[in-house]
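Contents: one structure, followed by commentary.
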Amino acid sequence: MAASVSPNPQFCKRFSSTKTATTSAAAFFSKPSQISPNFNLERAKPSFLVRCSIRSSAPPISTLKQSCPRPEYIPNRISDPNYVRIFDTTLRDGEQSPGATMTTKQKLDIARQLAKLGVDIIEAGFPASSEADLEAVKLIAKEVGNVSPEGADGHVPVICGLSRCNKRDIDKAWEAVKYAKKPRIHTFIATSEIHLKHKLKKTKEQVLETARSMVAYARSLGCPDVEFSPEDAGRSDREFLYEILGEVIKAGATTLNIPDTVGILVHDEFEQLIADIKANTPGIDNVIISTHCQNDLGLATANSIGGAIAGARQLEVTINGIGERAGNASLEEVVMAIKCRGEQVMGGLYTGINTQHIVVTSKMVEECSGLHIQPHKAIVGANAFAHESGIHQDGMLKNKDTYEIMSPEDIGLLRSNESGIVLGKLSGRHALKAKLLELGYDIDGKELDDLFPRFKSVAENKKNITDEDLIALVSDEVFQPQVFWKLGDVQVTCGTLGLSTATVKLIDADGKEHIECSVGTGPVDAAYKAIDLITKVPLILLEYSLSAVTEGIDAIATTRVLIRGDSQTATHALTGEAMSRTFSGTGAAMDIVVSSVRAYLGALNKKLSFKKLNESEILVA
Ligand code: KIV
């Protein structure tokens, strides 16, 4: 287990002064003369931000609705008509984002965190797509689908596996999820004219029969909970939708999910679609209606909320809104919209999410997927609670509710000036552990042992250790894939005189040391080439970026890279095209070359975790 959240999770202040230097790797490595050897890291300008602490007497809007107990889980029924189930598909649809490949260990860590967050259903993957996916879903079903996390009041999430409407996929999904206390199979087939004609090459009658018989087949395996999705429902003929949905209800479906697969519908249209399905589908009162909104027009959150207002009681979302193309409805936005406004404008809707775990979950997904969120992202962006303008700061100092519609503490964001523990070079393991707990990371055992010397070395070189520094170290040390290659030492020479040279010592999984040196167009290029000489794994560097996490010359630098190997391909089920898997990596250190090497090794280790996969995996859209 990499990191988990304390029962009282709190998180640090925003990254107020982050400076990011991003360049395409190709440009960077082919034009060395444009890049200074030390990347010319600009010193970040400190910016004045109001950091609120104790709230004034006026209650924040978010506290108006106190959370109610979660109703008992019955697949096709919810005893409280106002309760909205949250179905998280970060590990399935989210992982379909380009470059978001996650290892089994990372998926398990995220699933555990989602259980703590209190999601009702975790869609853990698409078991038929590869052996690795099948094993990951099985592991999550066993490990996360049978225990209630500390502080979760006995709640155990449903573990769901996706399958197309065929027996092989359904068998694989069942093989993976059956170990969970509450297993679910989610099966789908396209229903729109355009998909029938061009993708499936089937008639409506054939699709209807496939859907009906495959839902019945899934139930016949002993699965008590079967979700059905008419893919591209947003562009499907209404009468056909009512008919097929009515048939799958008769065949035993417990949840009907309505995907706007291409994210084309606007708010009113999606709300009307759900209302029409509710009004016209035979047997609809015996099942739960769900939404699945893609974000192609930036409307996924609004449409999901519209769906809930029209009667949907399951909303499919991902952490940070990651997913195919422009992504999915984001969990944090949908959940906080319901929390902030459910009472006032949604007739009292509520969810079972413990919103104080949102920030840490978001951070974890950001690190494991390598997909970074923009500073102005709603709820979890670095600036989401920042107030720079004078008028806003004045208002905030007088009363927080002038410019904040929710309290940062509601999502687990603690301003650092409120936290009691200040770390320095004399701080010990206990202080570090306590501070990390305060930031929301429950790190112990070997992970703490590995982190501590890294912390000490930063503390010896840096006057003030900030929360951002610690978070960068946690990201680098803890959210890492299985280690095949570890950095021993790296030494570079660079500058205007002569070639940049790097000597790198790596340690393999058996503890054996390997040393190589190489020249390059800059110190990072030289170091990466030396690594390639040791590992002999052909890699293509697709993206490289470096950021300083705090202001000052002694800032920790975080490097992120995206690489592609030459072997792992996957077939996209929609287009049938062979796609290469890409792998992200993150590194953090005060030395930018060390940080860069750590990131490269992180991505390489992730790639090596996938070595045993089939050449022809299948990804779905
Ligand atoms: O976008 C979509 O239609 C899907 C379905 C499989 C639910 O992801």
Side-chain angles (χ1 to χ4, degrees), residues 85-98 100 121-129 133 137 158 160-166 169-170 172-173 177 184-196 198-200 207 210-211 214-215 218 225-236 240-241 244-245 248 253-265 270 273-274 277 287-301 303-304 307 312 314-319 321-331 334 572-575 618-621:
R85 287 179 182 163
I86 296 297
F87 175 116
D88 182 278
T89 182
T90 304
L91 298 176
R92 197 279 295 171
D93 205 327
E95 210 215 4
Q96 287 173 217
S97 316
I121 300 110
I122 297 175
E123 188 163 52
F126 175 34
S129 67
D133 231 45
V137 179
V158 172
C160 175
L162 184 74
S163 69
R164 288 165 296 184
C165 266
N166 65 57
D169 275 27
I170 293 172
K172 293 271 179 201
V177 298
R184 181 187 287 192
I185 294 174
H186 175 192
T187 189
F188 75 98
I189 189 163
T191 48
S192 66
E193 203 63 47
I194 190 165
H195 277 237
L196 261 61
H198 299 285
K199 186 177 86 169
L200 298 178
V207 167
T210 306
M214 288 303 110
V215 168
D225 196 1
V226 175
E227 171 172 332
F228 173 76
S229 292
E231 190 193 2
D232 204 16
R235 292 189 296 178
S236 300
F240 182 49
L241 272 184
I244 195 168
L245 294 175
V248 297
T254 46
T255 296
L256 299 184
N257 179 44
I258 311 303
D260 181 13
T261 302
V262 292
I264 194 173
L265 299 185
F270 191 76
L273 173 63
I274 299 294
I277 286 170
V287 294
I288 307 298
I289 305 176
S290 165
T291 66
H292 181 105
C293 299
Q294 298 287 151
N295 203 30
D296 298 68
L297 292 174
L299 296 171
T301 297
N303 290 359
S304 306
Q314 173 181 290
L315 306 180
E316 300 201 355
V317 290
T318 60
I319 301 292
I322 67 172
E324 276 280 332
R325 305 182 307 277
N328 286 72
S330 101
L331 180 144
V334 166
H572 199 288
L574 245 198
T575 61
I618 302 158
L619 295 179
V620 286

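Remember, it's 1-based here, ligands and their atoms both numbered in the order they're listed. Start at 1 with the first residue, then count along the sequence.
Contact between Arg92 and ligand 1 is present, with at least one heavy atom of the residue lying under 4.0 Å from the ligand.
Per-residue contacts place Asp93 under 4.0 angstrom from the following atoms of ligand 1 (heavy atoms of the residue considered): 8 (O). Atom numbering of ligand 1 starts at 1 in the shown order; those under 4.0 Å from a heavy atom of Ser229 are 7 (C). Atoms of ligand 1 found under 4.0 Å from any heavy atom of Glu231, numbered from 1 in the order shown, are 3 (O). Ligand 1 places these atoms under 4.0 Å from at least one heavy atom of Gln294: 1 (O). Per-residue contacts place Asn257 under 4.0 angstrom from the following atoms of ligand 1 (heavy atoms of the residue considered): 7 (C).
Counting only heavy atoms from C-beta outward, the side chains of Ile274 and Ile258 approach each other to under 4.5 Å.
Taking each of His292, Glu316, Arg164 in turn, the one with a heavy atom nearest to atom 4 (C) of ligand 1 proves to be His292.
Proximity of His186 to ligand 1, defined as any heavy-atom pair under 4.0 Å, is confined to the side chain (atoms from C-beta onward). Contacts between Thr89 and ligand 1 below 4.0 angstrom, taking non-hydrogen atoms only, are absent altogether.
A salt bridge between Lys199 and Glu231 is present, with a side-chain N of the basic residue lying under 4.0 Å from a carboxylate O of the acidic one.
The shortest non-hydrogen separation linking Ser192 to Arg235 is CB-O, 3.6 Å. Closest approach of Ala300 to Asn328, counting heavy atoms only: CB-C, 3.9 Å.
Thr187 places a side-chain N or O within donor-acceptor distance of the main-chain N or O of Arg164, the cut-off being under 3.5 Å. Not one N or O on the side chain of Asp232 forms a donor-acceptor pair closer than 3.5 Å with the backbone of His195.
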Practice problem: Apply the test side chain to side chain donor-acceptor pair (under 3.5 Å) to residues Asp169 and Ser163: give CA-CA distance (whole Å), side-chain angles for both, the deciding distance (0.1 Å), then the verdict. | Solution: CA-CA 5 Å; Asp169 275 27; Ser163 69; 5.5 Å; no
